[in-house]
Amino acid sequence: MSLDSITVEVIKGALTYAAEEMGIVLRNSAYSPNIKERMDFSCTLFDHKKRLAAQAEHIPVHLGSMQLAVQKGLEKFKGKLEDGDMILFNDPYISGTHLPDLALICPIFHEHKIVAYSANKAHHSDVGGKAPGSMAGDATEIYQEGIIIPPVKFVKRKSIDKEIASILLSNVRTPEIRLGDLRAQMAANLLGKKRVLELVDRYGVETLHRAMEEIMNYSERRMRIEISKMPKGSYSAEDYLENTGTSNKKVKIKVTVTIKKNQLIIDYTGTDKQVNGPVNAVLGVTLSGVHYTLRCLTDPTIPMNDGCYRPVEIHVREGTLMNPTPPAPVAGGNVETSQRNVDVLLKAFAQILPEKV
C-alpha cells in the first residue's frame, strides 16, 4: 500500500532541507574563499540503492553529475564499507566533473545496514598540476591538471587515513586549506547522516525507503507530464567553441532533441571528436547540462531526484568533446563547454518551447 501523502510530503521536505543544511555547515566550516564565499559546492542525499533522493539548490554542474559519481565511485571502490567510513575521489572519468571538484560519500548505517548515503562535492582552489589553481588553459593531458584521486577510503571508522591524506597534501600548493576544506565536507556529510537517522528514529527504515520511492515516482510522473505537453518530433541545433586552449580551431557541439509521447531522447551525434586542449567535457558535465536545461524549461516545483532522470535518454559517443576518454584534459569542460552545451540545448528547445526559451 502507498503511504499517506502527508507523511511523504513531510519526509520530502525534511530530506530537501537536510541537503540545504549540509550546505550551510560546509560553507561555514570551510577554509577557502572559493567554498566559504564563492560557495562552489553541492550537497545531496541518496537512498540505499544509490539513487538521488534529495538535493540542495547548489551548483548545477555538480548536481547533475552527482548520481553518476555516487554510483560509479562506489562501484569502483572494492573495499567493504563500515559505519564511519567516507569515500573520497576526484577522477573526472568517475566523478563526472573536473579534478578540483573533490567528491566525498558517506554511507549511513542503521543496525549494521546501509539505509542511505550523504554526499557532496566541493571545488578546491588547488589540487596540484602545472598551474596554480589547477585550471591550466593549455593542458594537453589530464596529468597536467592536478593529482588524480581514485575512490579511496579517506575516512576509516570516523578517522582520516593519515597516509592517504599525506599523499594528497604533498601534491597541492595549499595543504592546510585543502585539509580544512575536506574536514568541512566531512562535517556536511555527518550532518546529513544525523538528519537521515533522525527520520529513521521517527518513521522507521521501511517507511523512509517507501517515502523515498514515492517521492521519486512522483517526480517521474510530473516530468513525464511536462514532456508530454511538448510537440512531438526531432529538433537539432549546433554551435561552436571558438578555441580549445591549444588551438584556434573551432569545435562543434551538435544535439538532436527527440520527443516521443512522454519520453525525451537527447542525441549528440555530429559533435566533434575530443580535442588536445582542456575544453573536453566528461559525461557527467554533459548530463548536468541536459538536466539543468530541463529544470529551466519545465516546472521548477518538481522535486529534483532520480525520478526526473527516468524519462530522459541521452546518447553521447565516447571519444567526442562531450564524452572524452582518458587521458584527455577536462578542466575547462566544467566552466566553458558546460555553458556552451546549455546554449546548444536551449537553441534546440527554442524550436519546441519558444516562449519559455
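- Classification of K156 and D161 as a salt-bridged pair holds, one side-chain N sitting under 4.0 Å from a carboxylate O.
- Between E238 and I253, every side-chain heavy-atom pair lies at or beyond the 4.5 Å cut-off.
- At least one side-chain heavy atom of L321 sits less than 4.5 Å from a side-chain heavy atom of L241.
- In the hydrophobic clustering of this structure, L104 groups with I167; members are Ile, Leu, Val, Met, Phe, Trp, Tyr whose side-chain heavy atoms approach within less than 4.5 Å, directly or through other members.
- By the side chain to side chain contact (heavy atoms under 4.5 Å, CB included) test, E213 is found to be paired with K49, R51, N217, R310, residues two or more places apart in sequence or in another chain being considered.
- The 12-atom threshold is not exceeded at NZ of K162, counting heavy atoms of other residues, nucleotides or ligands nearer than 6.0 Å.
- Screening residues 276-287 for side chain to side chain donor-acceptor pair (under 3.5 Å) gives no qualifying pairs among residues at least two apart or on separate chains.
- A salt bridge links R195 with E198: the distance from a Lys NZ or Arg NE/NH1/NH2 to an Asp or Glu carboxylate oxygen falls below 4.0 Å.
- Among the candidates E318, R317, Q274, the single residue satisfying the side-chain contact (heavy atoms from CB on, under 4.5 Å) test with N323 is E318.
- Annotation: side chain of K260 is in contact with side chain of I265 (closest heavy-atom distance under 4.5 Å).
- Using a 4.5 Å cut-off between side-chain heavy atoms of Ile, Leu, Val, Met, Phe, Trp and Tyr, with links allowed through other members, I148 and V172 fall into the same hydrophobic cluster.
- Pairing each heavy atom of K36 with each of A30, the nearest pair is CE-O, 2.7 Å.
- Under the side-chain hydrogen bond (donor to acceptor under 3.5 Å, both in side chains) criterion, Q144 pairs with T140, not counting sequence neighbours.
- For T244, the side-chain hydrogen bond (donor to acceptor under 3.5 Å, both in side chains) partners at least two apart in sequence or on another chain are T246.
- A salt bridge links K193 and D83; the closest N-O separation between the charged side-chain nitrogens and carboxylate oxygens is under 4.0 Å.
- Connection of V335 to V251 is not established within any shared hydrophobic cluster, with ILVMFWY side chains joined at heavy-atom distances below 4.5 Å, either directly or through further cluster members.
- Tracing side-chain contacts under 4.5 Å through hydrophobic residues (I, L, V, M, F, W, Y), one reaches M223 starting from V257; they form part of the same cluster.
- Between the side chains of N334 and D101, at least one donor N or O lies within less than 3.5 Å of an accepting N or O.
- L26 has its side chain out of reach of N189: every pair of non-hydrogen atoms, C-beta onward, lies at least 4.5 Å apart.
- I302 places a side-chain heavy atom less than 4.5 Å from the side chain of C308.
- Using modelled atom types, one side-chain atom of D126 and one backbone atom of R173 make a donor-acceptor pair closer than 3.5 Å.
- With hydrogens and angles left out, the side-chain atoms of Y240 and D272 include no donor and acceptor closer than 3.5 Å.
- Within a 6.0 Å sphere centred on CZ of R295, heavy atoms belonging to other residues, nucleotides or ligands number more than 12.
- Residues I105 and F89 have side chains in contact (heavy-atom distance under 4.5 Å, counting atoms from C-beta outward).
- A side-chain donor-acceptor contact under 3.5 Å links S42 to the backbone of I59.
- For residues 105-162, the pairs satisfying ring-ring contact (aromatic ring centres under 6.0 Å, His included) are H98-H123, with sequence neighbours left out.
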Check residues 6-14 and write down every donor-acceptor pair under 3.5 Å in which the side-chain atom is one partner and the other belongs to a residue at least two apart or another chain.
residue, atom, partner, partner atom, Å
T7, OG1, D4, OD1, 2.8
T7, OG1, D4, OD2, 3.0
E9, OE2, K12, NZ, 3.2

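- Within the 3.5 Å criterion, the main-chain N or O of G128 finds a donor-acceptor partner in the side chain of S134.
- Although no hydrogens or angles enter the test, the distance criterion places no donor-acceptor pair under 3.5 Å between the side chain of S166 and the main chain of E163.
- Salt bridge K158/D85: absent, no basic N to carboxylate O contact under 4.0 Å.
- Heavy-atom neighbours of E220 CD from other residues, nucleotides or ligands within 6.0 Å: above the threshold of 12.
- Of the possible donor and acceptor atoms, none in the side chain of E336 sits under 3.5 Å from a partner among the backbone N and O of V279.
- Residues S95 and N90 come closest through the heavy atom pair OG-O, 3.6 Å.
- At least one donor-acceptor pair closer than 3.5 Å links the side chain of T271 to the backbone N or O of Y268.
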Mind listing the side-chain donor-acceptor pairs of residues 63-70 below 3.5 Å, one per line with the distance, residues two or more places apart or on another chain?
residue, atom, partner, partner atom, Å
S65, OG, V61, O, 3.0
S65, OG, H62, O, 2.9
S65, OG, K121, NZ, 2.9
Q67, OE1, L52, N, 2.7
Q67, NE2, D306, OD1, 2.8

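- Within the 4.5 Å cutoff, the side chain of V196 has heavy atoms near those of the L45 side chain.
- E111 is linked by a side-chain hydrogen bond (donor to acceptor under 3.5 Å, both in side chains) to nothing, counting only residues two or more places apart in sequence or in another chain.
- Judged purely by distance below 3.5 Å, without hydrogens or angles, the side chains of N34 and S32 never pair a donor atom with an acceptor atom.
- Contact annotation: the side chain of I352 approaches that of I259 to within less than 4.5 Å [non-hydrogen atoms, C-beta and beyond].
- Atom NZ of K273 has 12 or fewer neighbouring heavy atoms from other residues, nucleotides or ligands inside a 6.0 Å radius.
- Remark: E82 engages R157 in a salt bridge (charged side-chain N to carboxylate O under 4.0 Å, His left out) (not counting sequence neighbours).
- With a 6.0 Å radius and a threshold of 12 heavy atoms from other residues, nucleotides or ligands, R202 has its CZ atom at or below the threshold.
- A donor-acceptor pair shorter than 3.5 Å can be found between the side chains of R222 and T301.
- The closest side-chain donor-acceptor pair between T174 and R178 falls under 3.5 angstrom.
- Not a single side-chain hydrogen bond (donor to acceptor under 3.5 Å, both in side chains) links Q351 to another residue, sequence neighbours left out.
- Pairs engaging residues 306-339 under the ring-ring contact (aromatic ring centres under 6.0 Å, His included) rule: H291-Y309 [sequence neighbours left out].
- The ring-ring contact (aromatic ring centres under 6.0 Å, His included) contacts involving residues 178-225 comprise H48-H209, where partners must be two or more places apart or lie in separate chains.
- Between E214 and R210, no side-chain nitrogen of the basic residue sits less than 4.0 Å from a carboxylate oxygen of the acidic one, so the salt-bridge criterion is not met.
- Following chains of ILVMFWY side-chain contacts shorter than 4.5 Å, one can reach L208 starting from L191, so the two form part of one hydrophobic cluster.
- Closest of all the heavy-atom pairs between P311 and I227 is CB-CD1, 3.8 Å.
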